[in-house]
Amino acid sequence: MKPLDPRLLRYSRSSRGFVFSQALLAVINAILVVGQSYAIATLACAIFERHQGWSKLSTNIYWIVALFVARGVIAFGTELVAAKSSVRMRNELRTGLLDKILSGKSRAIFNEGPANISLLATKGIDALDGYFSRFLPQLFIAAVVPLVVGLTIASADLTSGIIVLVTAPLIPIFGILIGRFTGAATEKRWQTLSLLSGYFLDLLTGLPTLKVFGRSKHQEERLQQVGDTYREETMKVLRISFLSSLALEIIATLSVALIAVSIGLRLVGGSLSLRTGLFVLICSPEVYWPIRQVALFFHAAADGVEAANRIFGIMEETETNGSVQVQAISEIVWQPLTVTYPGREIVLIPAGRLQSGMVNSIIGPSGAGKSTLLSLLLGFHSDFDGEIHVLSAQRSHRLSDLEVTAWRQQISWLPQEVNFPAASVAEVLRQSDPSASEQLLVSTLARVGLAPSDLPSGLNTQLGTVQETLSTGQKRKIALARALLKPAQILILDEPSASVDDISEDEIASAIAEEVALGKIVVLVSHRANLVGESAIIDFGAAK
Amino acid sequence: MKAIRTLIYPEAPKILAAAIIGGISSSMAVGLLACSAWLISMASLQPPIMVLEVAIVAVRFFGIGRGVVRYAARVIEHNSALRALTSIRVALYRIIENQLPAYFSLLRRGDLLRRLVSDSEVMQDLWLRIANPWVGALVSGVAGLGIIAYLLPSLSLVLSILFVVAMFVIPFISFFFSTNEEQREQEQRIFDAIVQACDSLQESLIFGYQNRIRGDISAAQNQLNKFDARSGLASGIALFAQHVFIGAAIVISAGFSVTAFHNHSLSGVNVAVLVLLPLAIFDGLTGLPAAFARLSTVLNSTKSVDALLANENVANPEALEPKLSIASIRFVEVQPSLPGIEIAPFSGLVTAGEPLLVTGKSGAGKSSLLNAFIGFLDYQGSMTIDGVEARELASSDRIELATILLQQDHLFATSIRENLKIGNPEASDEQLFEVLEAVELGELIAKVGLDTHIGAYGHNFSGGEKQRLKLARTLLRDKPVVFLDEPFEYLALDQVDRISKRVNDRCRDKLLIIISHLPLSLI
C-alpha cells in the first residue's frame with residue numbers, strides 16, 4: 001500500500017493543485033515552527049539571563065504575536081484547502097466511478113453485484129475524507145517539517161543535530177516494520193467489524209421471519225454473545241497495534257530526553273549557551289511529532305485507502321468491447337457453452353437457436369442456468385467458453401465482436417426482479433418510446449391488464465422511491481408494458497406471469513402473440529404451460 | 001434524548017474513565033516540558049551535577065510514563081467502545097423486536113433499516129470522539145495550571161480564565177461552522193441516487209436511463225460543492241483560534257514572569273518553565289476542532305434514532321395458554337387498513353380438512369390479509385378464531401397459533417441447517433430431510449450438505465430453490481394454523497401440483513390458508 005498513490009493524480013485533476021498547495025503550506029509551516037521556537041527561547045533568556053524589563057522586551061513580544069498569528073493563518077489555510085479539495089477529489093472519483101458503472105462495460109461491476117458497488121461509491125468514497133483531509137496534509141508536514149527543523153537544530157548545535165539524524169529515521173523504519181508485522185491483523189479487524197455489522201443488519205432484516213417463528217427473543221442473547229466474542233478477538237489485535245504505537249512514542253520520547261540531557265550536561269560544562277539550549281529543546285519534539293502523527297492517521301485512513309485501491313482497480317479495468325453494429329437480426333445460434341463465475345459451480349448451457357417471428361421458450365428446472373443464458377445475451381456476463389453467433393443480413397457475427405451499447409439497444413427485457421429508477425410511471429414508460437402519447441401508454445398498460453386507475457396517482461405514480469406502495473404484481477406489469485413499448489428486435493421475457501394473477505395471464509399471452517406477429521425474436525422463460533404453447537424450445541432439463 | 005438514555009448512557013462511565021486516564025497521560029507531557037525547562041535553566045547556572053539528577057530522573061519518568069499510561073487509556077477506551085456498540089445493538093434490537101408492527105413499514109425498506117443501524121452506531125461517538133478529547137484536554141490543562149499555581153498563583157488565575165474560555169470557544173466555533181442540515185440532505189440524496197443507480201443498473205443499460213441518473217447525481221453534487229469549504233472553515237477557524245490562544249498565553253506568562261522575577265517573588269530558573277508551559281497546556285485542545293465538527297452529525301443521528309423510538313411503549317398483553325387445536329377461522333368483510341390504499345373486503349371460512357384459498361388481482365391486498373391476521377396491520381370487519389375476535393388477542397398470541405410463510409420471508413446468511421431449524425430447533429436431520437423431500441429439495445441438499453452457507457459465500461440458490469427452502473422451514477413448525485403467502489412462486493406448474501398436494505396432505509387435520517394468484521386444485 002503506497003502512502004500517496006500515483007493513480008490518484010491520474011484520476012482526480014484537483015489532486016494536482018492540492019498536492020502542490022499542501023507541500024507549499026508545509027514548507028511555510030516548518031519555517032514558522034523554527035521561528036517560533038527561536039522567539040520563545042530568546043524571550044525566556046532575555047528575562048532570565050539578561051534581566052531585561054518589560055519595556056525592552058516589546059520587539060520580542062511583537063515577534064511572538066506575529067509568529068503565532070501567522071501559524072494560525074497557515075493552519076487555517078491548510079484545513080480549508082484540505083477540506084475543499086477533499087470534497088472535490090471525492091466528487092471526481094465518484095463521478096469517474098459512476099461513469100464507469102453506467103457505461104455498462106465493466107465486468108467487475110456485474111461480478112461484484114450492485115450492493116457492493118453502491119457501498120463502494122457511497123461509504124467507500126466517504127471514507128476517503130480521512131485520507132484526503134487528514135492523512136495527506138500530515139504526510140506533507142511529516143516530509144518537510146522534520147527535515148527543516150532537523151537541519152536548523154544541526155546548524156545551532158551539531159551534537160543535538162547528530163542525535164536527531166541518528167534517531168529520527170528510527171521512527172519510520174520501526175513504523176514500517178511494525179506495520180508489516182501487524183498489517184494482516186489490522187486487515188482482519190476491519191473485516192471483523194464489517195462482518196459484525198452485516199450480521200446485525202441480516203438479523204434485523206429477518207426480524208419478521210424470526211417473529212412469526214417465535215424465535216425473536218432468543219436472538220437477543222445470541223447478539224450479545226457474538227458481540228462479546230468479536231470484541232475479545234478485536235482487542236487482541238488492537239493491543240498489538242497499540243503496543244506498536246507505544247514503541248514509536250517511546251523512541252520519540254527517549255530521543256527528546258537524550259537531547260535534553262545532553263544539552264543540560266553541556267550547559268553545566270559551559271560549552272553551550274542557554275538560548276541555544278532552550279531553542280533546541282523547544283524545536284526537537286517537532287522533529288518526531290509529525291512522523292508519529294502520520295503513523296496514527298495512517299491507521300485512521302486505512303479504510304479510505306482500501307476503498308481507493310478497489311476504485312482504482314475498477315477504473316483501470318480494460319473494457320473488452322467489439323465495434324460491429326448490426327441492424328436487422330434474424331437469428332441467434334450457439335453450440336453448448338460453459339460459463340464460470342468466480343468461486344461458483346460451472347454452468348452448462350445446451351446448444352440453442354433463437355428465431356424471429358416465433359416464441360423461443362427456455363424451460364428447465366430452477367437453478368439450471370436459464371438466467372445465466374439471459375445475462376450472456378444481455379451482455380452482463382462475458383466470461384464463457386464457446387461462441388454465440390448473431391445472424392444479420394445474411395452475415396454471421398460473434399456476439400463478442402458487437403458493440404455492446406448498440407447491441408443492447410436492439411433488446412427489450414422484462415427482468416425477474418424489477419428495479420425501477422426514481423421516476424414516474426409515465427417517465428419510465430417513455431424511456432422506451434420517447435414520442436409515445438399518453439393514449440399509447442394507457443393502451444399498452446391495458447394490454448398487460450393494468451389501468452391507470454389501479455395505481456395510486458395514475459401515470460404520475462412515483463416508482464423507485466421510499467413511498468412506493470405498488471404490489472410486486474403491479475410492478476411487474478409496468479415493467480412488462482415498458483418491455484413491450486421499446487421498439488427492439490429482440491424481446492426477452494423472464495417469467496412474465498410470476499406474481500401476476502390468473503386474469504392477466506391470458507392478456508399477457510395474447511400480447512406476446514402480437515409481438516411475434518411483428519417479426520420479433522421473442523425469448524420466453526416461463527413455467528406456465530399456457531404461455532409456452534407452440535414454440536421452439538431450449539430445454540435445460542434435457543442437457544443434464 | 002431518549003436514544004441517548006436507553007442506548008448509549010450505560011457505557012458512559014467506563015469511557016469517561018478512559019478519558020481521564022488519557023488526560024493523565026497528557027499531564028505527563030506537561031510535566032515533561034516543565035521538568036526539561038527547569039533542567040536546562042538550572043544547568044545554565046552550572047550547579048553541582050547532583051542538583052540536576054532528580055530532574056533528569058523526572059524527565060525520564062514522565063517521558064516513558066506518558067506512553068505507558070496512554071497505552072492503558074487506549075485499551076480501556078476501545079474495549080468499552082466495542083462493548084457499547086454491542087449494547088447499542090442489543091438495546092435497539094430489543095426495542096424493534098417489541099414494537100415490530102410499528103416498524104413493519106421500516107423493515108420493508110432495506111435502506112431505511114441500514115440508516116437506522118448506522119445512525120445508532122454513530123451515536124457512540126458522542127462519548128468516544130467528542131466527550132473524551134474534551135475531558136482529556138481538561139485534565140491535562142488542570143495539571144499544567146496546577147504547576148503554574150504553585151509557582152506563581154496570580155498568573156494561574158489569569159491563565160485559567162483564558163483556558164476555560166478556549167475550552168468553550170474552540171468547540172463552539174467548530175460546532176457552529178460544521179456540517180448543517182442542508183448539506184446532510186444533499187449527501188443523503190447522492191447516496192440514495194447511487195444506491196438506486198446500482199440496483200437498477202441492468203435495466204438502465206437496456207432502457208437507457210443512464211443520462212437521467214447521471215443528471216440526478218451531478219445536480220446533487222453541484223449543490224454539495226457549495227458547502228465544500230464549510231467543514232474546513234470550521235476546523236480552520238478553530239485551529240487559528242488555538243494558535244492565538246497559545247500566543248496570548250505565552251505573552252501573558254512572560255509579562256507576569258518579568259514582574260515577578262524583578263520583585264523576587266519568582267526564582268529565575270522557573271521563568272522558562274512559565275513561558276513554555278502554555279504550549280503544553282493548550283496542546284490538548286488540538287483534537288477539539290475535529291471532535292466538535294462531528295457533534296452536529298452525532299446529534300442528528302441521535303435525533304433520527306429518537307424519532308424511531310418515539311412510538312415505543314405499546315402495552316404487551318399477557319400471554320395465553322398455547323392452543324393445540326382450532327376448529328375454525330372465519331373472515332367476514334375483513335378490510336386490512338393500509339394507508340392510502342383501499343382494499344376490497346374479504347370473507348371466507350377455514351376448517352380442518354377444508355383449506356381456504358385466497359386469490360385475487362395483484363395489488364388487491366392479499367398479503368395484507370396475512371399481516372392483519374398476525375397483527376402487523378389493523379383491520380375493519382370481523383376475523384374470528386373459534387369465535388374469538390382476533391384483535392382481542394395479542395399479536396404474539398396470534399403468531400403462536402400459526403406457522404406462517406411471509407412473502408418477505410428472509411433466509412439468514414448462515415447454513416441451511418440453521419435456517420431450517422428456526423422452524424423447529426429440535427428437529428433431527430431425518431426430520432429436516434423428510435420435509436426437504438416433500439418440497440423436492442432432498443436430492444440437492446443431500447449433494448451440497450446441510451452445512452452449506454446460503455448466499456454470497458456458499459451455494460447460490462435460484463429463486464425457486466430459495467422459495468422451497470422457506471416453505472420447508474414453515475412446514476417444520478407444528479401449529480394448528482398453516483398460513484402460506486404465495487408459497488409456489490417461481491415453480492414449474494407440474495411441480496406446483498405435486499408440492500401443493502403434499503402440503504395439503506400434511507395439513508389434513510390443520511387449518512390451511514394459502515394466498516396465491518395461481519389456480520390451485522387442493523381438494
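Side chains are part of it too, since the values below use all heavy atoms of this structure and drop only hydrogens, waters and symmetry mates.
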Derivation and outcome, side chain to side chain contact (heavy atoms under 4.5 Å, CB included), residues B:T86 and A:L223: CA-CA 8 Å; B:T86 303; A:L223 190 59; 5.7 Å; no

Derivation of the side chain to side chain contact (heavy atoms under 4.5 Å, CB included) call for B:L45 and A:F48: CA-CA 11 Å; B:L45 296 178; A:F48 172 48; 3.8 Å; yes

Checking side chain to side chain contact (heavy atoms under 4.5 Å, CB included) for the pair B:F191/A:D126: CA distance, chi angles, key distance, verdict? CA-CA 10 Å; B:F191 271 37; A:D126 252 33; 3.8 Å; yes

Pair A:W413-B:E203, side chain to side chain contact (heavy atoms under 4.5 Å, CB included): steps then yes or no: CA-CA 8 Å; A:W413 173 49; B:E203 286 167 54; 4.0 Å; yes

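With hydrogens and angles left out, the side-chain atoms of A:S245 and B:R74 include a donor and acceptor closer than 3.5 Å. Of the N and O atoms on the side chains of B:Q221 and A:T95, at least one donor lies less than 3.5 Å from an acceptor on the other residue.
In this structure, A:L43 and B:A254 approach most closely via the heavy-atom pair CD2-CB, 3.5 Å. Smallest separation of non-hydrogen atoms from A:A257 and B:V59: CB-CG1, 4.1 Å.
B:H243 has its ring centre no less than 6.0 Å from the ring centre of A:F76.
Side-chain atoms of B:I49 and A:L265, non-hydrogen and from C-beta on, do get closer than 4.5 Å to each other. Side-chain contact check for A:P415 versus B:Q202: every heavy-atom pair is 4.5 Å or farther apart. Inter-residue side-chain proximity for B:L201 and A:L102 is flagged as met; some heavy-atom pair is nearer than 4.5 Å. Taking 4.5 Å as the limit, some side-chain heavy atom of A:K211 sits within range of a side-chain heavy atom of B:F376. For the pair B:L276 and A:L278, the minimum side-chain heavy-atom distance is below 4.5 Å. Side-chain contact between B:F207 and A:V428 is absent, with no heavy atoms from C-beta onward closer than 4.5 Å. A 4.5 Å side-chain heavy-atom check between B:V75 and A:F242 finds at least one atom pair inside the cut-off. Residues A:F200 and B:Y93 meet the side-chain proximity criterion, which asks for heavy atoms closer than 4.5 Å.
Distance check, rounded to the nearest 0.5 Å: CG of B:L33 to CD1 of A:I282 gives 8.0 Å. One finds the CG atom of B:N79 at 4.5 Å from the CE atom of A:M235 (value rounded to the nearest 0.5 Å). Here CG of B:L239 is found 5.0 Å from CD of A:E79. Values are rounded to the nearest 0.5 Å. Rounding to the nearest 0.5 Å gives a distance of 9.0 Å between OG of B:S41 and CG of A:L281. To the nearest 0.5 Å, the span separating CD1 on A:I263 from CG on B:L39 amounts to 9.0 Å. Rounding to the nearest 0.5 Å gives a distance of 8.0 Å between CG of B:L406 and CZ of A:F213.
Of the atoms belonging to B:A55, not a single heavy atom falls under 4.5 Å from chain A. Residue contact with chain B, scored on non-hydrogen atoms closer than 4.5 Å, involves the backbone and the side chain of A:R482 alike. When heavy atoms are compared at a cutoff of 4.5 Å, A:L98 approaches chain B solely by way of its side chain, counted from C-beta outward. Contact annotation for B:T474: both backbone and side-chain heavy atoms come within less than 4.5 Å of a heavy atom of chain A. With a threshold of 4.5 angstrom between heavy atoms, B:R214 approaches chain A through its backbone and through its side chain. Proximity to chain A involves both the backbone and the side chain of B:V90, based on heavy atoms less than 4.5 angstrom apart. For B:L52, the part sitting under 4.5 Å from any heavy atom of chain A is the side chain, from C-beta outward, and nothing else. At a 4.5 Å heavy-atom cutoff, A:A82 makes no contact with chain B through either its backbone or its side chain.
The ring-ring contact (aromatic ring centres under 6.0 Å, His included) search around B:H410 returns B:F412, not counting sequence neighbours. Shown here are the side-chain hydrogen bond (donor to acceptor under 3.5 Å, both in side chains) partners of B:S218, two or more places apart in sequence or in another chain: there are none.
With chain B as partner, the option from A:H218, A:Q219, A:E221 having the largest number of non-hydrogen pairs under 4.5 angstrom is A:Q219. With respect to chain B, the highest number of heavy-atom pairs below 4.5 Å among A:I250, A:T78, A:L254, A:V418 belongs to A:V418. Contact count versus chain B (heavy atoms, under 4.5 Å) is highest, among A:I117, A:L378, A:I101, A:V226, for A:I101. Per-residue counts of heavy-atom pairs under 4.5 Å with chain B were compared for A:S216, A:A44, A:G104; the largest is that of A:S216. Each of B:I237, B:N424, B:I374 has some count of heavy-atom pairs under 4.5 Å with chain A, and the biggest count is that of B:I237. The candidate from A:L248, A:L274, A:I64, A:I411 with the greatest count of non-hydrogen atom pairs under 4.5 Å with chain B is A:L274. With chain A as the partner, the residue from B:I194, B:I404, B:I56 showing the most heavy-atom pairs under 4.5 Å is B:I194. Of the listed residues (B:I217, B:L274, B:V271, B:I422), the one with the most heavy-atom contacts under 4.5 Å to chain A is B:I422. For the options B:A290, B:G247, B:S36, heavy-atom pairs under 4.5 Å to chain A are most numerous at B:G247. Your options are B:R60, B:M42, B:Q242, B:R212, and the one with the most heavy-atom pairs under 4.5 Å with chain A is B:R212. Of the listed residues (B:P47, B:P425, B:A193), the greatest number of heavy-atom pairs within a distance under 4.5 Å of chain A belongs to B:P425.
Looking at A:E249, its side chain never comes within 3.5 Å of a backbone N or O of B:R70 through a donor-acceptor pair. Looking at A:Q431, its side chain does come within 3.5 Å of a backbone N or O of B:G208 through a donor-acceptor pair.
Note on A:K217 versus B:E97: salt bridge recorded, some NZ/NE/NH1/NH2 to OD/OE distance being below 4.0 Å. The existence of a salt bridge linking A:D228 and B:R83 is excluded, since no basic side-chain nitrogen approaches an acidic carboxylate oxygen closer than 4.0 Å.
Atom CD of A:E417 has 12 or fewer heavy atoms from other residues, nucleotides or ligands within 6.0 Å.
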